[in-house]
Amino acid sequence: MRAKYVLSEVFMGLWRNVTMTVAMIITMAVSLTMLGASVLMLMQVNNMKVFFYDKIQVSIFLKKDVSPDQRTAIESALKSDPLVKEYTHETKEQAYENFKTMFRDAPDLVNAVKPDTLPEAFRVSLHDPEEYQKAYDKYKTFDGINDIVDQRRLLGKIFGILGALQNMALVIAVVQGLAALLLVANTIQVAAYSKRREVAVMKLVGASNWFVQAPFVLEAAFAGLIGSIIAFIALVIAKRFLIDGSLSVLTELLTPVPWRNILLMLPLLAGVGTLVNSITGWITLRFYLRI
Amino acid sequence: MIRLEHVTKTYPKASRPSLDEVSVSIEKGDFVFFIGPSGSGKSTIIKLLLREIQPTRGKVNVNGREVGSMRSWKISGFRRSIGCVFQDFRLLPNRTAYENVAFALEVIGKSKAVARRVVPEVLELVGLGGKEHRYPHELSGGEQQRVAVARAFVNRPLILLADEPTGNLDPDTSIEIMRLLDRINRTGTTVVMVTHDSNIVNQMRRRVVEIDNGRIVRDQPRGVYG
């Protein structure tokens, strides 16, 4: 009976003020979508770091006019280097073959490149990719080396872009979240004002505090829950039509976003949405209305 | 039942206290009038007894419980032992007489079955039998106050506080309400009534405590307004 009373009060409260409720739910949903996207991107970047750091190499490109002595000197240094896990020697011809397979979809590009134009190189895997700088400092002094390129630097740029996107999503989530919280506070104030007579009588006859507050707090929590479900649906749609759809070319380069991670967002967003809204509603009641 | 010991209440920004060193004791089953001009501090006593406000100094003891220092989460339980009636009735306009009384029961956790049994009984007691399903705007002032009395009494409180309950009523209706409060008092309920209606005080011949400028100036067992 009490539960029924409280629930009917919640729905009546939401319906009485339906435009405000809709505004509250929409801002909440946008904020939570951005939060979810941000968390997913963070997971993605971590996942990619693990995936790629294992595979990345340091490339030592040799000069065109490198002498056999210089080449042997570098190779023997690599062979005895404790930093190096393994290395391969790539001749001009091999480099050309690799290039051809890599760009087989662009024959014009392949035709424009002659076997001679590609540099000879050592492809080096380090035990710890973080120690790139040490390796770089050691080998830059060798003669016959044109350039040393760490793939981690290239990846670093990609991670930088992803990180920037993630921060942007987080900023939007916070700003929208603030707007949503103000709307929640306002909705609760309006709801409490429209029920001020009932509240006065309830306090007079000795209804417990939680009984007076519960309908309002639940109203806020319910809006948060709806908002989080909408945000989850938005993430599912983004996964289905963006990541697996029009952006799938990009995801080949990056690591795939598993459905498991997307599903994980539902409890996360629902938890954050309902909890933050309830607390806001409760604080509003305590400080603005002294219920 | 009710004991005020050297109670002083000064509102913030007020130049002088609303109540100044007031001590008064009310026994179980008493019927007490607090009288005095507007602003004398008599309504402050009701607010203190309901724990709407806390005393600046002194002790307020109700039903053996120290109200002044009571924890806020204990207030709701405490108020269930007190009924309260006001000049402006404080009924819910969108609920019928029955629903107004039942609401008071439901919000303290009583079941609908209890309400169905108790509410018609108490409405009958206050003389509203047959008018259970009228809304407040369909009732006269006196009848609305009867609904308020029924709501205050439905939990069988130990104490009934009445803050100028006849202030909005004509003399005849006022007397009917007083008869009702008298009947409630005869069931053993302590009644504390704040008023400046001299007719009523003179007719009832009950204990009168007169307050002026926040101090008790008279306390008579079977007093008149005078």
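Each chain gets a letter, A, B and so on, in the order the sequences are listed, and its residues count up from 1.
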Ion pair B:E164/B:K42, N-O distance below 4.0 Å: yes

B:F103 portion near chain A, given a 4.5 angstrom heavy-atom threshold: side chain

Charged N-O contact under 4.0 Å between B:R146 and B:E176: yes

Any residue meeting side-chain hydrogen bond (donor to acceptor under 3.5 Å, both in side chains) with B:K28, in chain and number order, not counting sequence neighbours: none

Toward chain A, the part of B:I75 with a non-hydrogen atom under 4.5 Å: neither

Winner by heavy-atom pair count (cut-off under 4.5 Å) against chain A, out of B:R151, B:R90, B:E52: B:R151

Per-residue contact mode, B:N94 against chain A (heavy atom under 4.5 angstrom): side chain

B:E66 atom CD: more than 12 heavy-atom contacts under 6.0 Å: yes

